[in-house]
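Following: one structure in C-alpha cells, then a few remarks.
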Protein chains: 4
Amino acid sequence: MHNNIQKKKPGRPKMTNDNNVTRDQILQTASQLFMTYGYDGVSMEQVADASNVTKASVYYYFKNKATLFTIAVSSMFRRIKEQTDKLLHSSKGLKHRLYEVTFEHLKRPHIDFETLLQEASLSLTEEHTEEIRTAENEVHQALENIFKQAMENGEIVVKNPLLLAHAFSTVTMIRNKKELITELGGPEITAQALVDLFWVGIGPR
Amino acid sequence: MHNNIQKKKPGRPKMTNDNNVTRDQILQTASQLFMTYGYDGVSMEQVADASNVTKASVYYYFKNKATLFTIAVSSMFRRIKEQTDKLLHSSKGLKHRLYEVTFEHLKRPHIDFETLLQEASLSLTEEHTEEIRTAENEVHQALENIFKQAMENGEIVVKNPLLLAHAFSTVTMIRNKKELITELGGPEITAQALVDLFWVGIGPR
Amino acid sequence: MHNNIQKKKPGRPKMTNDNNVTRDQILQTASQLFMTYGYDGVSMEQVADASNVTKASVYYYFKNKATLFTIAVSSMFRRIKEQTDKLLHSSKGLKHRLYEVTFEHLKRPHIDFETLLQEASLSLTEEHTEEIRTAENEVHQALENIFKQAMENGEIVVKNPLLLAHAFSTVTMIRNKKELITELGGPEITAQALVDLFWVGIGPR
Amino acid sequence: MHNNIQKKKPGRPKMTNDNNVTRDQILQTASQLFMTYGYDGVSMEQVADASNVTKASVYYYFKNKATLFTIAVSSMFRRIKEQTDKLLHSSKGLKHRLYEVTFEHLKRPHIDFETLLQEASLSLTEEHTEEIRTAENEVHQALENIFKQAMENGEIVVKNPLLLAHAFSTVTMIRNKKELITELGGPEITAQALVDLFWVGIGPR
DNA sequence: AATGAATGAGTGTTCATTCAT
DNA sequence: AATGAATGAACACTCATTCAT
C-alpha cells in the first residue's frame with residue numbers, strides 16, 4: 001500500500017528468529033552437550049568451541065549459562081513432544097507405537113532428565129525451573145494422550161494414564177547401559193522386550 | 001547367638017582400615033552428599049565440613065576425589081545389596097516384597113545412579129568405573145535372584161529375569177518427582193500403583 | 001547587541017558537530033553517569049542504554065571510552081565555569097555568593113573530580129588529561145577571579161587567591177556525606193556553616 | 001600449671017593473628033593499591049602479584065574482593081586514628097599539630113575516601129559499608145577531640161567541632177594535585193599556607 | 001547515521017590437590 | 001593422625017572495541 005511509507009530502518013537488519021543460524025547452532029550444540037555430560041559437565045567454552053564461535057558470542061545470545069540451559073533443554077523437549085504427537089495420529093497399533101518411542105529413546109545418548117534438572121537446579125531460578133517443567137509436562141501429556149486414546153479404543157486396560165506415562169518414560173531410561181543392551185542383543189530386541197514386559201506384566205496368568 | 005558377643009580385646013586396639021571412625025564418618029557423609037548433589041555438585045571442602053574434619057584429612061584417607069567417590073558409592077551399593085538379600089529370605093509374597101523395595105526407594109532422596117556415574121565418568125579411571133559397576137551388579141543380581149525364586153515358585157511368568165531386574169530398579173526411579181507423587185496421593189499409594197502396573201501389565205485381558 | 005541576533009539560515013541546516021542532538025544526548029548522559037559512578041563504574045553499554053541508542057552509535061560519535069570521558073567531563077567543567085563567571089558580575093556580597101556556590105555544590109550528586117581523574121588516568125593519554133586539566137583550571141580561575149575582585153574591593157584579606165580557590169572548591173566536597181549534612185540540619189544550614197567557618201577562621205580573636 | 005595437661009594439638013600449628021606474615025603482607029599491599037588506584041582500578045591479581053603470592057592465596061585469607069577491601073581500608077583508618085590520637089597528648093600548640101597532620105596527609109599518596117567508598121559501594125554489602133564507616137568515624141572523632149581540647153584551652157573559638165573535623169580532613173585532600181603543590185613551593189609550604197588559611201579565615205579584620 | 005553481530009582480553013571466584021609441620 | 005598454608009588450572013561472566021551492512 002502506498003500509504004505505508006516504508007522508511008528504511010537504519011543499521012544492519014536484524015536476523016529474524018527463524019533465520020538466525022548462529023543462535024540455532026549454539027542451541028543445538030548446547031542441548032546435545034548438556035544431555036550427554038550434564039549441567040556442570042559442560043562449560044560455556046565447550047559450547048562455544050563446539051559451535052565454532054567464541055565464548056563471548058554465546059553470551060551475546062544468551063544471558064548466562066542457566067538461561068542457555070533452560071532454553072536448550074526446553075526446546076529439545078518441544079521437539080520430542082512434536083515427535084510424540086505425530087505418533088498419536090499413526091494408524092499402527094499402540095504396542096507398535098510404544099516400540100517406536102522406546103527405540104528412538106534407546107538410540108539417542110542422554111542422561112536422566114530428572115537428575116539433570118536436579119543437578120542444574122542449584123544454578124537455576126524458580127522461573128527457569130518452571131519453564132523446563134512446563135516443557136517436560138507437555139511431553140508427558142502427549143504420551144498420556146496416546147494412552148488415553150488406546151484406552152478408548154479398548155486396546156489397553158489401565159487405571160492411571162498419567163502414572164503410566166511417567167512410568168513408561170522412566171522405564172525407557174534403560175539406556176547408556178550399553179553392556180546390558182548388548183548382552184540382550186542390541187537396541188531393537190531390547191526395545192521389543194521392554195514393551196513386552198510392560199504389556200503383559202509379570203503376574204501369573 | 002554366640003556370633004554377636006563382642007569380646008573386648010585387651011590393650012590398645014589397633015586402628016585397622018575397617019575400624020576407623022573418622023574414615024567411616026567421611027565415607028558415610030560423602031555417600032549422602034554424592035547421592036543428593038551428584039559428583040560435580042559436591043566439593044571436597046563440603047565433604048570435609050560435613051564430616052567435621054579438614055580438607056587435608058579427607059586427602060589423608062582418600063587419594064583423590066575419584067577414589068573417594070568410588071569407595072563411597074560402592075559401599076553404599078553393598079549396603080543396599082544386603083538389604084535386598086534379606087528380602088530373598090522373607091516369607092511374604094513377591095508382590096508385597098516388591099512393594100517394600102519400591103517404598104524404601106521412594107522415601108530416600110537420591111539421583112539416578114546411571115546419570116551420576118556418567119557425570120563422574122570423566123574423572124574416573126577404568127578401574128574406578130569397574131569397581132562401581134561390580135558393586136552395582138551385585139544389587140541387580142540380588143534382585144534377579146528374588147525374581148528367579150518367584151519364577152520357580154510359580155509366582156510369576158516371565159522370560160528375562162535380568163532385564164526385569166533392571167526395568168524394575170529403573171521404574172522405581174520415579175522419585176524426587178514430588179509433585180507427581182503428591183498428586184497421586186503420597187508414596188505408599190504411588191508404590192502400590194507402580195507395583196500393580198508392573199504386575200498386571202497394560203495389555204488387554 | 002547585534003552579535004546576539006541569530007539569523008535563521010535558509011534551507012536545511014547542515015548537521016555540524018555542535019548541532020547534533022544525538023551526540024549531545026550521549027554527552028549529557030555520559031557526564032551524569034561518570035560523575036555519579038566514576039570511570040570504571042560506567043560501561044559503554046550503560047551510556048548507550050541511558051541515551052536510548054546502541055553501543056555502536058556511541059562509538060560512531062566518540063572514538064573510544066577515554067575520548068568520550070574527556071569530552072563529557074570537559075564540557076561539564078565549561079558549564080560550571082560559565083555559572084561561576086556569572087557570579088563574578090553579581091552585585092551581592094562575596095559571602096553570599098560563596099554561600100550560593102556552596103549550596104549548588106551540596107545539592108548536586110557527584111564524586112571528587114580529582115579522584116575521578118586519577119581513576120581514569122590509567123586509560124587516558126597525555127592529551128586527554130591535558131584537555132581535562134585545562135577545563136578544570138578554567139573553573140578555578142573563575143573562582144580565583146571572584147576572590148581577586150573581593151580583595152580589590154577590600155572585602156577580604158588573603159594572600160594566595162589560587163590556593164584559596166582550590167581550598168574552597170575542595171572544602172565544598174563535604175557532600176554525599178548525607179548523614180553528616182542531615183545531622184547538621186540540611187544543606188542550607190551546612191552551606192551557611194561552612195562559609196562561616198571559612199570566613200572567620202578558627203584562630204582566637 | 002601442671003593441671004593444664006597440654007595435649008599437643010594435631011596438625012600444623014595455626015599462625016596467630018600477630019604472627020601471620022603473609023596475611024599482613026597482602027593487607028598492607030592491598031591498602032596501598034586501593035588508596036592509589038581505587039576499587040575497580042585494582043584487580044585481585046595485582047594484589048597477589050604485588051604481595052608475591054598467587055591469586056588463590058589471597059582468597060585463602062580473604063573471602064572476596066569486597067571483604068579484602070573492607071578489612072584493608074578499615075585497618076588503615078585505625079592506623080591513622082592511632083597516629084591522630086598521639087597528637088592529642090602532644091604538648092605543642094594546636095596550630096602546629098594541625099600542620100603536622102596536614103603535612104603527613106600531603107605526603108601520602110591516596111584518593112578521596114568518600115569517592116573511593118562510593119565507587120566500591122556497588123560491590124559492598126551493608127555490613128561492609130558499616131564497618132568502614134565506623135573506622136572512618138573513629139578518625140573524625142579523634143580529630144574532633146583535638147579541637148575540643150583546644151576549645152577548652154581557649155586556643156580556638158569555634159561553634160561546631162564535628163563540622164570542623166570534617167572540613168579539616170576534607171581540606172587536606174588537596175593532594176595529588178602535584179602541580180599545584182609544586183607551584184606553591186612544596187608540601188611544607190603548602191601545609192603551612194593551608195593551616196594559616198584555616199586559622200585566620202578570609203573575612204576582613 | 002545507525003546498528004546487529006562478533007570477539008579478545010581480562011576479572012572475580014572456585015576447587016582439587018600438594019606439602020611442611 | 002591431622003592440619004594450615006599455598007597453588008595451578010579452570011570457570012562464569014563482562015567489557016571495550018571492531019566491522020559489515
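In what follows, chains carry the letters A, B, and so on, assigned in the order in which the sequence lines appear, proteins first and then strands, with residues in each chain numbered from 1.
Listed by first and then second residue, the salt bridge (Lys or Arg N to Asp or Glu O under 4.0 Å) pairs involving residues 30-56 of chain D are D:E45-D:K55 (not counting sequence neighbours).
The interatomic distance linking D:D49 (CG) with F:dT7 (C1') rounds to 13 Å, in whole Å. Here E:dT17 presents its C1' atom at 19 Å from OH of B:Y61, a figure rounded to the nearest Å. Rounded to whole angstrom, the span from the CG atom of B:N20 across to the C1' atom of F:dA2 amounts to 12 Å. In this entry the distance linking CG of D:N52 with P of F:dA5 reads 18 Å, nearest Å. Across the protein-nucleic acid pair, A:Y60 atom OH and F:dC19 atom P stand 17 Å apart, rounded to whole Å. Going from atom CZ of B:F62 over to atom P of E:dT18 covers 16 Å, rounded to whole Å. Taking atom CZ on A:R23 and atom C1' on E:dG4, their separation rounds to 14 Å, with Å as the unit. Distance CD1 (D:I26) to P (F:dT7): 9 Å, rounded to an integer number of Å.
In this structure B:Y61 satisfies the ring pair (Phe, Tyr, Trp, His ring centres under 6.0 Å) test with no other residue, sequence neighbours excluded. For the side chain to side chain contact (heavy atoms under 4.5 Å, CB included) test, no residue two or more places apart in sequence or in another chain qualifies with D:Q28. Residues satisfying the ring pair (Phe, Tyr, Trp, His ring centres under 6.0 Å) test with D:Y59, not counting sequence neighbours, are none.
Here the CE atom belonging to A:M44 is positioned 11.0 Å from the OG1 atom belonging to A:T54, to the nearest 0.5 angstrom. Within the model, atoms OG1 of C:T70 and CD of C:E130 stand 11.5 Å from one another, a figure rounded to the nearest 0.5 Å.
Salt bridge D:R133/D:E136: present, at least one basic N to carboxylate O contact under 4.0 Å.
Between the side chain of A:E119 and the backbone N or O of B:L116 there is no donor-acceptor pair closer than 3.5 Å.
Listed here is the closest heavy atom pair of B:S57 and B:I26: O-CD1, 4.5 Å.
Base pairing in DNA chain F gives the following stems of 3 or more Watson-Crick or G-U pairs, range against range and under 3.5 Å: E:2-21 with F:2-21.
In terms of position on DNA chain E, the residue among A:T54 and C:V53 whose nearest nucleotide sits closer to the 5' end is C:V53.
Out of E:dA5, E:dA2, F:dA2, the shortest distance to the side chain of C:T22 is found at E:dA2.
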Checklist entry - Which letters describe nucleotides 9-14 of chain F, given B = protein heavy atom under 4.0 Å from base, S = only from sugar-phosphate, - = neither? => result --SBBB
